[in-house]
There are 4 protein chains.
Amino acid sequence: MRQQEDLEYADEPKKRGRHRSLEAKTAILKATLQLLERESLRKVTADAIARRAGVSKATIYKWWPNKSMVALDAYLAGTTERVAMPNTGSAQEDFTQQLKSLTAFYTSTLGRLFCQFIAEGQSDAAFLASFRERFLYARRDAAKIMWRRGVDRGEIRSAVDGDIVLDMIYGPIVFRLLAGHGSLSDSESEAIVETVFAGLRRLDYQRPAKNKTIGHIVKRRRAHL
Amino acid sequence: MRQQEDLEYADEPKKRGRHRSLEAKTAILKATLQLLERESLRKVTADAIARRAGVSKATIYKWWPNKSMVALDAYLAGTTERVAMPNTGSAQEDFTQQLKSLTAFYTSTLGRLFCQFIAEGQSDAAFLASFRERFLYARRDAAKIMWRRGVDRGEIRSAVDGDIVLDMIYGPIVFRLLAGHGSLSDSESEAIVETVFAGLRRLDYQRPAKNKTIGHIVKRRRAHL
Amino acid sequence: MRQQEDLEYADEPKKRGRHRSLEAKTAILKATLQLLERESLRKVTADAIARRAGVSKATIYKWWPNKSMVALDAYLAGTTERVAMPNTGSAQEDFTQQLKSLTAFYTSTLGRLFCQFIAEGQSDAAFLASFRERFLYARRDAAKIMWRRGVDRGEIRSAVDGDIVLDMIYGPIVFRLLAGHGSLSDSESEAIVETVFAGLRRLDYQRPAKNKTIGHIVKRRRAHL
Amino acid sequence: MRQQEDLEYADEPKKRGRHRSLEAKTAILKATLQLLERESLRKVTADAIARRAGVSKATIYKWWPNKSMVALDAYLAGTTERVAMPNTGSAQEDFTQQLKSLTAFYTSTLGRLFCQFIAEGQSDAAFLASFRERFLYARRDAAKIMWRRGVDRGEIRSAVDGDIVLDMIYGPIVFRLLAGHGSLSDSESEAIVETVFAGLRRLDYQRPAKNKTIGHIVKRRRAHL
DNA sequence: GTATAACCGAGACGGTACGTCCAGTCTTCGG
DNA sequence: CCGAAGACTGGACGTACCGTCTCGGTTATAC
């Protein structure tokens, strides 16, 4: 557990007995990730992390405000995500490939953390904000590159807002990941991207004369979504 | 949860023994809903529900496996959702109006329960399943009517799977609700539906000669989404 | 408990309505005894009795004020105690034999109920009183016959109060039964009775000149008993 | 219960980590005793103890397996028993005085705990064992000193087993305390000790020719004790 | 016969305590 | 003076049992 020490010797500014804390930090993150591979965030306890890391619980709470934040840090620091960031010359192809690889990862044990972070965020606004800043936006920025390439190339209509583009592509998958309805296979990823690009509209459809009648608000139960 | 039971009530020859107290049931659901209007699901305790309902905690646990299920029941039984189920003659218009009204509701206090149910489901598979069956599918079935009208009318391409249609329309909103990135205004709803119908593709785009180069898998951190 | 009722049956003008089910009563007592053979009084629940007797819990509580009373009734009605009530011509021998047989019974599964009744009585004065009246005094009256024979025969000093005699003989055994210190073998029974008859005093002991010094009250911990 | 620990305290090299809070321990025992002065052991709840002691329930259950053990500890630690441990020069006088003072105490509010401990022990063997070891034997050892003095002085027959002596003296009182038959006055204490010393046997009684007839086992109900 | 009690089985209910669990904080000592 | 060890508070959890209650249905006497 304390093996890494040797590696870090190199550029460590030598303070008297101070490099201990970095070691503890590392051990905590590592232990957290290992535990999260086997249990859900809810079931991983701070005690378990401390025990496994050979660290005091107080040390954990010294640097992190709560368990979720530790998990977020552990995830960000420890996970080298094998996700495609393709550049095929076609934005649609790029997104398709990326969505496939992303889906594959997010259905894996560790990938499920994404859902658990979202879940945790529902009762902890500060955490959700942190999750957005440090996790979500980073990935979205990367994805926006693919989008921009498509726009620059004249492949994607420039009128459409980039955020909407991303949410249209990733939203359906996220929804399915979280709610568990609908499959997450490669062919679904393909179909989603294809439909997002092509649109729902039948091009030869002739819109009838404007019907201004507004749909009446119906008072009924369980009608929407 | 005990839906079947309810159905059997109809012609059931009255059961022996004291009947389940409808009063207690009602009081529990009502109290739960009232508490959920002020606190998040996580913070509402079984004790609080029992106290407010003037009911024994044992009675709650007799009929529900945990408080999440009570909350789901309370929500389904108690919430008469004021959501548009419009029929304007145009599927796009229908979806736009519906998305607006849905967004308005889901950002309200009680509507936030949707997010909390999803969150709860991440660490309780049984609950998530129940949530899908009793909440999600009901709403999706209703929404599919609007979609089918669009298809029948020749407005929506029949080649596209209905579930994908729904996820493309609702997914982005759900994503934003849960992750809190991106606004949920009426104009966003309009833009989303418009883009879903129109597609991203620039129609006059000429696809260049096939480029078979597959996007290289890049080993990097935080690259996707 | 409701014994009086039974006595009144005789000339009672038959009451209107359905009569108390003797079957139910019997079944309850029988079931109770069977359960008490395997579990302690504390662990036998009213539900278990009702279930085993094929009877409603309400029926139990209609006729008995609580579980302990049921158990007492069950014991009194159902246990045919095989205890010697000897008449050998010698009071000491009578008591010795009786104490042996009593000890044998009270260390048996069902005999242990005696201890449990005593225990229950410590937090239920009404029950303890009932236990005394219906259980204890009956047995003591019987034992007093042996004592009186001894007195009449000139074997036992007539100056000694009968109740003290009984408590001196049975007290040690009861104490051991309840506290679990000290053995309960036949030889112990013999020794106890012999010592009770012979007394502790060494007959040739010459009491020294009266020492009126009263033992000082010592304030100390755990000094007595 | 944790006696061993206490013994080791002496030269124990201080343990790592936060030490057990003596404050909490004291508060718990004190609160327990105060509550027991007003309510029976059965009615005193762990919650009440925790609340009164200003302590978390978890802390109680960390150090004691159940509330009975807490009560035993509280009693042993907190009760400075004012019981005579007299030394008058006469064993009979010693026992008489001691029995009086013991009876006085055991009929007091706190003294009643003795009965409740015995009661609790009937459905908790581990507790009963603990009660014997820590409460009963300590007192008996002390009482044996009085007995031995009597033997050494030639006052008490050396042939009689010390444990039987004690049970003969204390058994009747314990029996009366628990079953509630018979008075517990000073004169009873005197009479008991006097009779134990003098024996039941009428000294001028001429035993008739041996009658070997063994008392027939009578099958009858409620015959003994 | 028909009304009218009083009973009974089934089983839901309020109440109360239980003993467990975990988050997050606080205290002590060793290096 | 930092950090491990670990005890502590607070509060929810879900369970268990008690004794009561309500229901539909079942005998029995009384009219």
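- If you check distances only, the side chain of B:Ser56 does reach the base of E:dG15 with a donor-acceptor pair under 3.5 Å.
- For C:Lys57, whose side chain is taken as the heavy atoms from C-beta onward, the closest listed nucleotide among F:dG19, E:dC18, F:dG14 is F:dG19.
- Annotation: cation-pi geometry satisfied between A:Lys25 and A:Trp63 (NZ/CZ under 6.0 angstrom from ring centroid, within 45° of ring axis).
- Note: A:Tyr75 and A:Phe114 fail the aromatic proximity criterion, with ring centroids not under 6.0 Å apart.
- Phosphate proximity of F:dA7 to D:Ser21: absent, as no side-chain N or O sits under 4.0 Å from OP1 or OP2.
- Partner of B:Phe131 under the side-chain contact (heavy atoms from CB on, under 4.5 Å) criterion, chosen from B:Leu76, B:Ile118, B:Asp124: B:Ile118.
- Across the interface with DNA chain E, nearest-nucleotide mapping of D:Ala46 and A:Lys43 shows D:Ala46 to be the residue nearer the 5′ end.
- Positionally, the nearest nucleotide of DNA chain F for A:Thr59 lies more toward the 5' end than for the other of B:Ala58 and A:Thr59.
- A sub-4.0 Å separation between OP1 or OP2 of E:dA23 and a side-chain N or O of A:Lys67 is present.
- Applying the 3.5 Å distance criterion, the base of E:dC26 shares a donor-acceptor pair with the side chain of D:Arg18.
- Taking only distance into account, the side chain of D:Thr45 never meets the base of E:dA17 through a donor-acceptor pair shorter than 3.5 Å.
- Residues D:Asp73 and D:Arg134 form a side-chain contact, since some pair of their non-hydrogen atoms from C-beta on lies under 4.5 Å apart.
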